[in-house]
Amino acid sequence: MSLSNGRHLVVTSTLGRTVGHGALAGAVAGGLGAAAQYWLVEPSIRAAIAIEEAGAAASEAGDHSHAAADQATGHSHAADVLVSRGEQVIFGMVTVLLVGILIGIAFALVHRFLGSRLPGRTAAGSAMALAGLGFVAFTLAPAIAVPANPPAAGDPATVDLRTLTYLGTIVCCAALTALVTGLARAKDLASESRAAAATAVGIVGTAVLIWALPDAADPVPTNVPTDLVWQFRVGSLTQIGLMWLVLGAAFAYLLPGRGPSRPSSAPADVRRPAMPGVPGQ
Amino acid sequence: MTQSTTAVASGKIATTALSIALVAFALLSVLFLLQENGLLLSPEAANYLHEATHDARHALGVPCH
């Protein structure tokens with residue numbers, strides 16, 4: 001299934017197998033992510049919705065109409081809504097599972113396509129490296145640019161700018177990550193120039209992104225405790241970080257060429273002559 | 001899926017193109033799932049999807065109201 005090409009394993013399984021392994025690893029990551037969401041993030045979402053509903057009830061009691069209150073919060077979480085709270089929790093976990101599977105498929109294909117251009121000595125090592133890079137570009141960078149907010153803390157008026165900034169950050173940071181990783185492994189540069197070039201581009205690129213990306217994050221409303229927002233953000237980052245970690249590890253585990261079939265990990269085979277070209281030695 | 005089977009059979013470049021298409025499809029599906037605002041679905045269906053995926057959108061850090 002795999003050939004040794006210098007220092008890196010080149011995996012030669014079918015495209016369908018790669019997609020299947022990616023989907024399976026993504027399902028494992030998504031399943032654990034859903035469990036993490038239930039235990040780590042849902043308590044903060046519950047608390048935030050309670051604050052949001054208290055705010056909506058207060059404005060309803062005042063001179064605002066119900067429609068105006070609904071408009072202000074974007075959507076209401078009262079009992080007469082489209083999807084009940086219990087359903088939102090379940091569907092939310094199903095969504096995380098689906099997102100895990102889809103990201104897993106994309107992850108597996110990128111890993112297959114980039115192959116030995118990724119950092120890491122083995123295919124399993126490069127899967128973990130890719131998961132780390134994915135966490136930086138797709139999770140950490142947008143979390144710094146537009147930090148995750150619990151339900152009560154977002155302003156509907158700024159959602160378009162926040163969404164564009166979020167997607168723009170992912171695109172720019174994925175490109176920068178690819179550039180830095182590519183430079184760090186460029187074959188036509190001396191090893192010390194590679195490190196210097198990658199570091200310099202990483203620092204300058206990050207500075208440019210910080211300067212260029214709009215400051216889109218909403219201020220936290222006064223009725224939302226900052227502790228709650230902090231708890232929510234830590235919970236959210238933990239959940240997504242766990243998903244990347246499990247995705248990389250599960251995909252690495254599923255890779256063909258792992259274990260006894262890998263040439264370098266079969267040293268116990270004493271019947272094979274150490275130097276096949278020199279008989280009788 | 002007959003087209004994709006043909007693409008797999010016809011060599012490395014087709015496989016690469018198929019891979020890129022699949023990656024794009026997977027990422028766009030994630031975007032659709034979390035950010036569909038009535039572009040492809042009817043307003044009612046989009047609203048239902050928005051409410052159903054509500055908790056995941058917040059937890060995954062995707063901007064929301």
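In what follows, chains are A, B, ... by sequence order, proteins preceding strands, each numbered from 1. Everything numeric here is computed off the predicted structure, so don't read it as measured data.
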Rounded to the nearest 0.5 Å, what's the gap from CZ on A:Phe113 to OG1 on B:Thr15? Could you check?
-> 11.0 Å
Pick one of side chain, backbone, both or neither for A:Val19, based on which atoms fall under 4.5 Å of a heavy atom in chain B.
-> side chain
Would you say B:Phe25 has more than 12 foreign heavy atoms packed within less than 6.0 Å of its CZ?
-> no
Here the pair of heavy atoms bringing A:Ala148 nearest to B:Gly61 is CB-CA, 3.5 Å
Top residue by heavy-atom pair count (under 4.5 Å) with chain A, among B:Leu27, B:Leu34, B:Val62?
-> B:Val62
For A:Met93, is it the side chain, the backbone, both or neither that has a heavy atom under 4.5 Å from a heavy atom of chain B?
-> neither
Heavy-atom closest contact (A:Leu109 atom, B:Ser19 atom, distance) = CD1-O, 3.7 Å
Can you say whether A:Pro142 sits under 4.5 Å from chain B via the side chain, the backbone, both, or neither, judging by heavy atoms?
-> neither
Rounded to the nearest 0.5 Å, the CG atom of B:Leu31 sits from the CG atom of A:Leu102 at a distance of 11.5 Å
Answer yes or no: is there a side-chain heavy-atom contact under 4.5 Å between B:Val23 and A:Ile105?
-> no
Please test B:Leu60 against A:Gln239 for side chain to side chain contact (heavy atoms under 4.5 Å, CB included), starting from the C-alpha separation and ending with a verdict.
-> CA-CA 8 Å; B:Leu60 295 176; A:Gln239 178 193 340; 3.9 Å; yes
Between the CD atom in A:Gln88 and the CZ atom in B:Arg57, the distance rounded to the nearest 0.5 Å is 9.0 Å
Which portion of A:Phe232 sits near chain B, non-hydrogen atoms under 4.5 angstrom = side chain
Kindly determine whether A:Leu167 and B:Gln35 satisfy side chain to side chain contact (heavy atoms under 4.5 Å, CB included), including the steps that lead there.
-> CA-CA 11 Å; A:Leu167 293 174; B:Gln35 282 289 336; 5.9 Å; no
Check A:Val146 against B:Pro63 and note the closest heavy-atom contact, atom names and distance.
-> CG1-CG, 4.3 Å
Heavy atoms only: give me the nearest A:Ser236-B:Ala59 pair and the separation to one decimal.
-> OG-O, 2.6 Å
For A:Glu42 and B:Asp55, what are the C-alpha separation, side-chain angles and deciding distance, and is it a side chain to side chain contact (heavy atoms under 4.5 Å, CB included)?
-> CA-CA 8 Å; A:Glu42 282 294 347; B:Asp55 286 22; 2.6 Å; yes
Most heavy-atom pairs under 4.5 angstrom with chain B, which of A:Val41, A:Val99, A:Leu40?
-> A:Val99
With side chains defined as the heavy atoms from C-beta onward, is the minimum distance between B:His58 and A:Gln37 less than 4.5 Å?
-> no
